[in-house]
Colleague: 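One structure coming up, written as structure tokens, with questions to follow.
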2 protein chains.
Amino acid sequence: MKNFRKDDGAGSASSDGGDRRVRADAQRNVDALLQAALEVFAVSGVDAPVRAIAEKAGVGIGTVYRHFPQRADLIAAVFRREIDACADAAPTLAADHAPFEALAKWMQRYASFVATKRGMAPALQAGNPALEPLRTYFFERVRPALRTLLESAAAAREVRTDVDADDILNAVASLCSSGHDDRPDYARRMVALLIDGLRPRST
Amino acid sequence: MKNFRKDDGAGSASSDGGDRRVRADAQRNVDALLQAALEVFAVSGVDAPVRAIAEKAGVGIGTVYRHFPQRADLIAAVFRREIDACADAAPTLAADHAPFEALAKWMQRYASFVATKRGMAPALQAGNPALEPLRTYFFERVRPALRTLLESAAAAREVRTDVDADDILNAVASLCSSGHDDRPDYARRMVALLIDGLRPRST
DNA sequence: ACCTGAACACCGTTCAAGT
DNA sequence: ACCTGAACACCGTTCAAGT
């Protein structure tokens, strides 16, 4: 795990062995690029022109490709911490609410994450080999979080058992992808519908 | 430039009124383009290179733009008849099944339509002004079909009333968009979940 | 009227030349 | 090491020239 950003917690000068120094100007460029990408992605989605990001960061186009050889690497770097934050919300909710309610609240929280981060849903879909690492990271991080919530609800017999975590992650991501700006509240209501559908069949 | 008379050759002066005539070769080109586009869209989606379609149809790139000034016009022409077929399935199902079952079956039918026609869902989303006419046509044609099914089910008190036809059309389109080829049966199961969610709250 | 493809604009990506 | 931007490849779209 190579932490580019120092992100605090650099505490122990661990024996990383061969600790490569990053030139200060290079580090500045990386930071500026991540910041620029975050903003550009937010308004134009992840398909925004690379040149726009380079310009906003004040660097040459070649510098983007030096630090992020594939466009997907830039996307991954930008989304990683948001993914972490979303996953970390699960245990917090589990501690504060009843099982099914915690599940429902987390799904809404995850929904707003997808809605905010344009291009998250497309990145999650299989088929784009360049984005596979981000997809992998996402599932590794978020799947266990959701599974725990699902299992608690299942133990309380408050949720049907023929739906797994990946189903929910994909479904909510699809429903909350951008493009429905004309129907306010659409995403929230559809996710609510999905949540209702998760209740055990009344028989 | 040579100035040759319209309808040169065999046609002669047969009587057929002042009808606007399309030159036979032009008509052939349009047909070939529609067929080529149908096939290319099916495998590569609606973002496939225009050149690929022109080549497959055996015409110059300029000819595509002559008959379909906007790329969206070609997409619309290709999808229109499929939209009609989907809408027409509704009354048939209504005649053969109980209200809620007819609704459920139509939703699955619509789901397979979206899944088959790659790029249908993106076209349905607002925000692409060029595809607005197709979007309009789609809703004009399909919305009433679904509404009838919904109303029948509502009259029988078999469906909740806080969800409208557009919600369902958008939600199913999102869930069945391409990109989940790795999870077989995913779309069908998610639509089934949505259908379950449509049942009235059990109280 | 209709067809064609060279030409233009734009965007992703590379790489030789600079510091 | 790292930065830069000209250069290349590709794709959407136009238009002058042909039939």
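By convention in this document, chain letters (A, B, ...) are assigned in the order of the sequence lines, proteins followed by strands, and residues within each chain are numbered from 1. Computed from a predicted model, the values in this text were never measured in an experiment.
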Colleague: Answer yes or no: does a side-chain N or O of Y65(B) lie under 4.0 Å from OP1 or OP2 of dT13(D)?
Modeller: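 Looking at the OP1 and OP2 atoms of dT13(D), one of them is under 4.0 Å from a side-chain N or O of Y65(B).
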Colleague: Hey, does the side chain of H67(A) come within less than 4.0 Å of dC3(D)'s phosphate (OP1/OP2), counting only N and O?
Modeller: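 Checking H67(A) against dC3(D): at least one side-chain N or O falls below 4.0 Å of OP1 or OP2.
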Colleague: Flag yes if more than 12 heavy atoms outside E101(B) fall under 6.0 Å of its CD atom; otherwise flag no.
Modeller: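 Count over threshold, so yes.
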Colleague: Nearest to the side chain of D25(B), heavy atoms from C-beta on, is which of dT13(C), dC2(D), dC3(C)?
Modeller: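 Nucleotide nearest to D25(B)'s side chain: dC3(C).
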Colleague: Identify which nucleotide among dC2(D), dT13(D), dG12(C) has an atom closest to any side-chain atom of A26(A), counting heavy atoms from C-beta outward.
Modeller: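 That would be dC2(D).
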Colleague: As a check on the pairing definition, encode DNA chain C in dot-bracket form, counting Watson-Crick and G-U wobble pairs whose two distances are under 3.5 Å, and using | for partners outside this strand.
Modeller: ||.|||||...|||||.||
Colleague: Among dC3(C), dT14(C), dG12(C), which nucleotide has an atom closest to any side-chain atom of N29(B)?
Modeller: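 Output: dC3(C).
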Colleague: Considering only dC3(D), dT13(D), dA1(C), which nucleotide approaches the side chain of R23(B) most closely?
Modeller: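 Taking heavy atoms from C-beta onward, the closest nucleotide is dA1(C).
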Colleague: Distance alone, cut at 3.5 Å: any donor-acceptor contact between the side chains of D31(B) and Q35(B)?
Modeller: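 Result is no, nothing qualifies.
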Colleague: Salt bridge (charged side-chain N to carboxylate O under 4.0 Å, His left out) for D88(A) and R141(A)? Distances and angles first, verdict last.
Modeller: CA-CA 9 Å; D88(A) 293 342; R141(A) 201 70 187 70; 2.9 Å; yes
Colleague: Between dC2(D) atom P and R28(A) atom CZ, what is the distance in whole Å?
Modeller: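 Atom-to-atom, R28(A) to dC2(D), this comes out as 13 Å.
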Colleague: Does a nitrogen or oxygen in the side chain of R66(A) sit under 4.0 Å from OP1 or OP2 of dC2(D)?
Modeller: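 It does, given that an N or O in the side chain of R66(A) lies less than 4.0 Å from OP1 or OP2 of dC2(D).
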Colleague: So if I take residues 38-50 of chain A and measure heavy-atom distances to DNA chain D, which residues fall below 4.0 Å?
Modeller: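 Output list: empty, so none.
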Colleague: Could you tell me whether R51(B) contacts a base, only the sugar-phosphate backbone, or nothing, with contacts defined as non-hydrogen atoms closer than 4.0 Å?
Modeller: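 Base: the residue R51(B), judged by heavy atoms under 4.0 Å, touches a nucleobase.
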Colleague: How close or far is atom C1' of dC15(C) from atom CD1 of I61(A), stated in whole angstroms?
Modeller: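 Rounded to the whole Å, the gap is 14 Å.
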Colleague: Decide, yes or no, whether a salt bridge links K105(B) with D96(B) under the criterion of side-chain N to carboxylate O below 4.0 Å.
Modeller: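 Looking at D96(B) together with K105(B), the answer is no, because their closest N to O distance does not fall below 4.0 Å.
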Colleague: Nearest 0.5 Å please: distance from the CH2 atom of W106(A) over to the CD1 atom of I168(A).
Modeller: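 One finds 8.5 Å between CH2 of W106(A) and CD1 of I168(A).
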